[in-house]
Novice: 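Got a structure here, written out as structure tokens. Questions coming.
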Amino acid sequence: MEISKTYEPQLLEKKWYEFWEKSGYFKPAGDPSQKPFTILIPPPNVTGILHMGHVLNNTLQDVVVRYHRMKGEPTLWLPGVDHAGIATQNVVEKELAKEGTNRHELGRTKLLERIWKWKNEKGGIIIDQLKLLGASCDWDRQRFTMDEMLSRAVKEVFVSLYEDGLIYKGKYIINWCPRCVTALANDEVEHADENGKLWHIRYPYASGEGFVTVATTRPETMLGDVAVAVNPKDERYKELIGKELILPLTGRKIPVVADEYVDKEFGTGCVKVTPAHDPNDFEIGQRHSLPQLLVMDEHGIMNEAAGQDFAGMERYACREKVLELLAAQGLLEKTENHDHAVGHCYRCDTVIEPYLSDQWFVKMKPLATQAIKVVESGEVKFQPERWTKVYMHWMNNIRDWCISRQIWWGHRIPAYYCDQCGYMAVAKEMPDECPVCGAKSFTQDEDVLDTWFSSWLWPFSTMGWPEETDDLKRYLPTNVLITAPEIIYLWVARMIMSTLHFKGVIPFDTVLLHGTVRDEIGRKMSKSLGNSPDPIDIINRVGADALRFSMIFGTPKGADVMYSDNILETGRNFANKMWNAYRFIMMSIDGISGLPKPHELKLELADKWIISRLQEVTKEVHSHYENLRLNDAANAIFKFMWDEFCSWYIELSKDRLRDESDLQGQLTAKYILLDTMQKGMRLLHPIMPFITEEIWQSIKTVFPMEEEALITAKLPEADNSLLDSAIDDDMRFVQESITAIRNLRKQINLAPATEIEVIIRFADSQQSELFTGYMAYFRKLAKVNRIEGGIGIDKPNAAIAAVVRNIEIFLPLSGLIDLEAERNRLSKQSEKLEKELAGIKAKLNNANFIANAKEEVVAKEKEKFEEVNTKLELLQQLIKDLQV
RNA sequence: GGGUGAUUAGCUCAGCUGGUUAGAGCGCUACGUUCACAUCGUAGAGGUCACUGGUUCGAAUCCAGUAUCACCCA
């Protein structure tokens with residue numbers, strides 16, 4: 001059989017992915033009575049291109065999904081894509097700009113056509129990229145948030161909530177992007193610290209001499225001031241409360257009000273109040289029933305209300321003019337440098353404007369109550385647990401959700417206004433006739449819904465709700481949601497609320513929040529920083545398996561991933577190691593004629609040991625997968641396959657494979673090699689699906705197995721009857737001794753090929769039987785051609801020595817030994833042991849320890865004392881002998 | 001300003017319910033091209049577990065405080 005010397009993933013990955021998909025393995029198998037396992041994908045944006053964050057998120061999901069599939073559960077990973085309102089419209093608008101036109105020229109209908117066209121031709125690239133990563137989603141069930149099915153759910157929900165009084169229209173101060181001409185959600189605003197200025201402006205008293213000074217970072221908004229506020233506890237301004245001031249440049253009279261919100265320490269302790277242009281002022285305004293004076297339009301241009309001097313000016317130009325005029329009138333007291341956070345539009349980076357406008361809202365408090373309960377009761381669990389607190393904090397302080405967006409791409413709000421009388425109807429379809437005036441023409445609300453308004457329905461809209469579909473009955477509630485903590489509020493919490501409200505059940509029982517992928521110096525990977533490598537390049541270079549393994553290996557649950565190209569080596573090297581182990585096995589068993597039946601095996605120490613170890617590791621790996629500790633699962637498999645199976649078992653099998661005098665032993669070794677390898681591939685498959693399928697399928701050609709593909713093959717179960725601690729201990733003893741001998745060889749720089757003889761002083765006959773019985777192991781791994789040993793034998797004259805447990809191993813030297821070096825080496829070891837022994841002694845001499853510590857801990861400590869003491873005595877004797 | 005997390009080997013991090021000789025990967029040193037693998041092997045060096053207190057027979061692990069860093073929310 002021809003197998004390449006290094007693992008080449010490129011062709012294999014393509015081959016197996018096509019095989020899996022074509023064979024329908026991604027679909028939930030098993031009969032409908034079986035309890036399914038379901039994961040909902042966090043739908044990537046339709047404009048999305050795979051980045052490292054997606055790689056982490058989807059790898060985790062795929063590992064969990066594959067694990068459950070291999071446990072034999074009917075497993076569904078439901079995929080889909082989000083229409084991503086603003087992001088998608090922006091992409092197409094950019095195209096339009098290149099063509100020298102814009103959406104207003106094109107009109108709503110044409111723009112939507114363009115976006116659909118773009119979506120159908122270029123959208124969803126990420127889906128193909130996820131396939132390259134190995135994602136085993138049921139692609140036949142792929143959803144899009146603007147699909148007919150999901151749009152129906154959106155309308156249904158909107159109308160229903162409106163009828164329940166949970167959706168209302170109202171004035172609100174919102175984040176507004178004057179360039180996109182749209183409202184932005186809080187999370188769509190990116191805050192950045194900027195070096196700004198703090199201007200101190202004098203507002204004269206309406207009556208008499210004098211003035212108060214207010215400090216502001218945004219002087220142009222003073223034109224919309226309706227009051228000045230001070231803290232009621234501020235002694236300086238007690239007298240002022242209730243008095244009137246003259247607002248400079250406008251001559252308007254405004255009152256001084258008292259409000260707790262005002263920070264006495266900040267600025268002058270006097271705050272100008274502009275309810276229409278600042279969220280905090282908006283609230284002060286509400287508390288004091290102040291008017292809301294809008295002085296800007298939707299593009300950030302000052303309007304009539306700003307006064308004729310300023311109307312028509314752009315906001316920053318207006319700022320300059322306001323400052324200029326104030327200075328001219330001697331009302332600008334001083335200017336300070338002041339760094340503060342400024343909000344920017346997450347799409348176009350324009351400075352956002354708090355702005356008063358008509359918007360649609362969802363009342364969240366009534367929805368939150370249940371959603372808090374299910375987390376308190378543990379029906380829905382967050383992992384790592386600390387996120388529960390974050391969730392609770394938000395839910396307990398929840399605010400109404402502004403769901404309208406002033407863009408065109410999205411679900412249009414199902415509200416219709418009578419063209420004659422203005423009557424508003426909220427309905428799934430446009431009404432035929434106005435119930436008030438009888439007119440027959442209506443105009444639909446121009447706004448569309450926040451993208452999250454469709455994603456918060458994801459758990460059931462994707463399964464055909466409001467119809468009572470089979471999928472809904474079978475797969476809801478789903479099991480694990482795997483996503484990033486940034487969207488706990490935006491998405492996770494809202495799904496919990498909507499699913500409870502509309503379906504009366506939780507959407508999922510576990511939420512796994514993973515970390516962020518960062519670069520070498522800890523920066524978040526982002527497009528704008530340009531520090532994110534293209535995952536597809538990586539896959540082309542080292543393969544998806546290596547990428548997946550590397551991401552998982554060093555990343556504990558919920559932790560950030562510090563990515564740099566060199567972490568890929570772990571995965572690449574491991575894949576190569578597995579490849580070569582497989583290559584060795586296939587070359588060795590070449591020409592195998594009939595495998596032995598399990599009961600015909602002639603098992604020796606190494607066989608029993610690797611079998612026992614496999615049971616132990618299988619147990620661990622199950623537990624790690626089950627607890628979503630995927631890094632631990634990866635570590636456990638890695639260690640077992642590399643350090644135990646490859647480094648010891650395979651090495652020890654080599655002589656046996658060539659030993660024609662013991663055919664039964666030879667067959668046994670072949671059998672155990674094949675069996676352990678195929679089982680290892682099963683355990684590893686969820687993390688490295690491609691290479692494991694390739695190896696497993698190839699092993700299957702000589703080692704018959706029932707299943708037709710590894711992806712749906714059963715994970716091994718640990719068999720406790722095969723666990724053997726005595727065997728384990730014997731093998732470890734041999735391993736420790738071999739390591740000690742190798743160490744001795746190194747001391748005197750023996751060439752690796754030089755054969756040696758060792759003399760061993762055993763403590764009992766069992767030991768000597770073990771060592772002579774497995775003499776072959778020492779020959780193979782330490783180049784020992786003869787062990788001369790016995791209990792209580794004399795120490796050879798010229799030799800260097802090592803102590804392993806309670807035996808002494810001597811390596812005789814033909815020439816003179818370097819007494820000094822040997823003494824130093826042994827003394828160093830002995831010092832270490834002395835320290836350890838002192839620690840144990842202190843414990844055992846401590847009456848409190850004996851009295852309080854658990855019995856088994858004390859017993860263990862005593863046992864340890866004996867061991868260390870024996871070893872130390874032997875070492876000290878050796879050192880003493882060297883003095884002569 | 002409020003909250004959360006982190007601080008363990010040169011680097012990136014494990015160490016889950018206190019008792020380990022404190023581990024891994026990479027890097028480093030020495031030797032090695034023995035017929036699976038140099039994307040390898042063998043042996044080795046390297047840590048006052050941020051600091052200060054406390055709880056305890058016993059603390060890297062639990063508690064409090066301090067410092068530094070990071071992230072989230074305002």
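Just so you know, these numbers come straight off a predicted model, no measurement behind them. What you see below is based on every heavy atom in this structure, not just the backbone, and it leaves out hydrogens, waters and symmetry mates. Below, read A as the first sequence line, B as the second, and so on, with proteins coming before strands; counting in each chain starts at 1.
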Novice: Would K860(A) and E863(A) satisfy salt bridge (charged side-chain N to carboxylate O under 4.0 Å, His left out), going step by step from the backbone distance to the final call?
Specialist: CA-CA 5 Å; K860(A) 207 172 134 196; E863(A) 211 176 286; over 6 Å; no
Novice: What does A67(B) pair with, Watson-Crick or G-U, if both distances are under 3.5 Å?
Specialist: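 Its partner is U7(B).
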Novice: Indicate yes or no for a side-chain donor-acceptor contact from Y777(A) to the backbone of I738(A) under 3.5 Å, with no hydrogens or angles considered.
Specialist: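 Not at all, since once roles are kept as given, no pair shorter than 3.5 Å links the two residues.
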Novice: For K864(A), report the nucleic acid contact type (base, sugar-phosphate, nothing); a contact means any heavy atom under 4.0 Å.
Specialist: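 Sugar-phosphate, backbone atoms only, no base.
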Novice: Measuring to OP1 and OP2 of U4(B), would you say a side-chain N or O of R386(A) lies under 4.0 angstrom away?
Specialist: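 Checking R386(A) against U4(B): no side-chain N or O falls below 4.0 Å of OP1 or OP2.
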Novice: For R399(A) and for G554(A), find the nucleotide of RNA chain B with the closest heavy atom, then tell me which residue's nucleotide is more 5'.
Specialist: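 Looking at the nearest nucleotide for each, G554(A) comes out on the 5' side.
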Novice: Within the 3.5 Å criterion, strictly below it, is a donor on E644(A) or Q735(A) matched to an acceptor on the partner's side chain?
Specialist: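 No - no donor-acceptor pair under 3.5 Å links their side chains.
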Novice: Rounded to the Å, how far apart are K389(A) NZ and C72(B) P?
Specialist: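 About 19 Å, once rounded to whole Å.
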Novice: In terms of side-chain heavy atoms of N852(A), which of A43(B), C73(B), C57(B) is nearest?
Specialist: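 In terms of side-chain proximity for N852(A), the closest of A43(B), C73(B), C57(B) is C57(B).
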Novice: Quote, to the nearest angstrom, the C1' distance that separates U21(B) from G5(B).
Specialist: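 About 31 Å, rounded to a whole number of Å.
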Novice: Is the backbone of A801(A) close enough, under 3.5 Å, to the side chain of E822(A) for a donor and an acceptor to pair up by distance?
Specialist: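 Such a contact is found between E822(A) side chain and A801(A) backbone.
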Novice: Could you tell me how far A74(B) sits from U12(B) if I compare only their P atoms? Round to whole Å.
Specialist: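 My reading of the P atoms in U12(B) and A74(B) gives 31 Å.
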Novice: K639(A) or Y7(A): which one's nearest nucleotide on RNA chain B is closer to the 5' end?
Specialist: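 Looking at RNA chain B, the more 5' nearest nucleotide goes with K639(A).
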Novice: How long is the line joining CD of E486(A) and C1' of G3(B), in whole Å?
Specialist: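 Distance check: E486(A) CD to G3(B) C1' gives 16 Å.
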Novice: Between L513(A) (CG) and C71(B) (C1'), how many Å, whole number?
Specialist: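 Atom-to-atom, L513(A) to C71(B), this comes out as 14 Å.
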Novice: Give a yes/no verdict on a cation-pi contact between K577(A) and F638(A), requiring under 6.0 Å between NZ or CZ and the six-membered ring centre and an angle within 45° of the axis.
Specialist: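 The answer is no; the distance or angle limit is not met.
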Novice: Starting at the 5' end of nucleotides 25-37 of chain B, put B wherever the base has a protein heavy atom under 4.0 Å, S where only the sugar-phosphate does, and a dash everywhere else.
Specialist: S----BB----BB
Novice: Work out how far the P atom of G18(B) is from that of C26(B), and round it to whole angstrom.
Specialist: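 Those two atoms are separated by 32 Å.
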Novice: Considering only atom C1', compute the distance from A9(B) to C49(B) and round it to an integer number of Å.
Specialist: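 Each nucleotide's C1' atom is 10 Å from the other's.
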Novice: How long is the line joining CD of E863(A) and C1' of U21(B), in whole Å?
Specialist: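 That distance rounds to 16 Å.
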Novice: Using the P atom as the reference point in each nucleotide, state the distance between U33(B) and G47(B) in Å, no decimals.
Specialist: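 Their P atoms lie roughly 32 Å apart.
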Novice: Now, which nucleotide makes the Watson-Crick or G-U wobble pair with A36(B), with each of the two distances under 3.5 Å?
Specialist: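 No nucleotide pairs with A36(B).
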Novice: Less than 3.5 Å apart, any donor N or O on the side chain of D565(A) or Y563(A) sitting next to an acceptor on the other?
Specialist: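 Per modelled atom types, D565(A) and Y563(A) side chains form a pair under 3.5 Å.
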Novice: Taking OP1 and OP2 of A43(B), is either one under 4.0 Å from a side-chain nitrogen or oxygen of T739(A)?
Specialist: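 For A43(B), OP1/OP2 do have a side-chain N/O of T739(A) under 4.0 Å.
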Novice: Sort out the partner of C28(B) for me: Watson-Crick or G-U wobble, both distances under 3.5 Å, none otherwise.
Specialist: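 Check on C28(B): paired to G44(B), both distances under 3.5 Å.
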Novice: Contact class for V857(A) (heavy atom, under 4.0 Å): base, sugar-phosphate, or nothing?
Specialist: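 The answer is base, as V857(A) lies within the cut-off (heavy atoms under 4.0 Å) of a base atom.
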Novice: Separation of E834(A) atom CD from U21(B) atom C1', in whole Å?
Specialist: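 Interatomic distance, CD of E834(A) to C1' of U21(B): 15 Å.
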Novice: Round to a whole Å and report the spacing from CZ of F549(A) to C1' of A24(B).
Specialist: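 The distance from CZ of F549(A) to C1' of A24(B) comes to 11 Å, rounded to the nearest Å.
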Novice: Does the structure show a Watson-Crick or G-U wobble partner for A60(B), both distances under 3.5 Å? Name it, or say none.
Specialist: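 Result: none.
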Novice: Could you give the OH-to-P distance, from Y489(A) to C72(B), as a whole number of Å?
Specialist: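 Taking atom P of C72(B) as the reference, OH of Y489(A) is at 11 Å.
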Novice: Sort out for me which residue in E867(A), R732(A), K871(A) forms a side chain to side chain contact (heavy atoms under 4.5 Å, CB included) with R805(A).
Specialist: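 With R805(A) as partner, side chain to side chain contact (heavy atoms under 4.5 Å, CB included) holds for just one option, R732(A).
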Novice: Between N743(A) and U42(B), is there a contact of a side-chain N or O with OP1 or OP2 at under 4.0 Å?
Specialist: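 No.
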Novice: Does U20(B) have a Watson-Crick or wobble mate here (both distances under 3.5 Å), and if so which one?
Specialist: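 Paired with U20(B), as far as the under-3.5 Å criterion goes, is no nucleotide at all.
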Novice: If the P atom of U42(B) is compared with that of A6(B), how far apart are they to the nearest Å?
Specialist: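 Rounded to whole Å, the distance is 36 Å.
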Novice: Using the P atom in both, what is the distance from G25(B) to A14(B), to the nearest Å?
Specialist: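 G25(B) and A14(B) have their P atoms separated by 16 Å.
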Novice: For Y582(A) and S698(A), test the side chains for any donor-to-acceptor distance below 3.5 angstrom and give the result as yes or no.
Specialist: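 Indeed, the side chains of Y582(A) and S698(A) share at least one donor-acceptor pair under 3.5 Å.
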Novice: Please report the distance, rounded to the nearest Å, between CG in D560(A) and C1' in C69(B).
Specialist: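 In whole Å, C69(B) C1' and D560(A) CG are 13 Å from each other.
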Novice: Between G32(B) and A59(B), how far is it from one P atom to the other, in whole Å?
Specialist: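 That atom pair is separated by 47 Å.
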Novice: Partner of G1(B) by Watson-Crick or G-U wobble geometry, both contacts under 3.5 Å, or none?
Specialist: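 In the structure as shown, G1(B) has C73(B) as its Watson-Crick or wobble partner.
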Novice: Quick one: does R613(A)'s side chain get under 4.5 Å of E616(A)'s, heavy atoms only?
Specialist: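 Side chain of R613(A) against side chain of E616(A), heavy atoms only: contact under 4.5 Å found.
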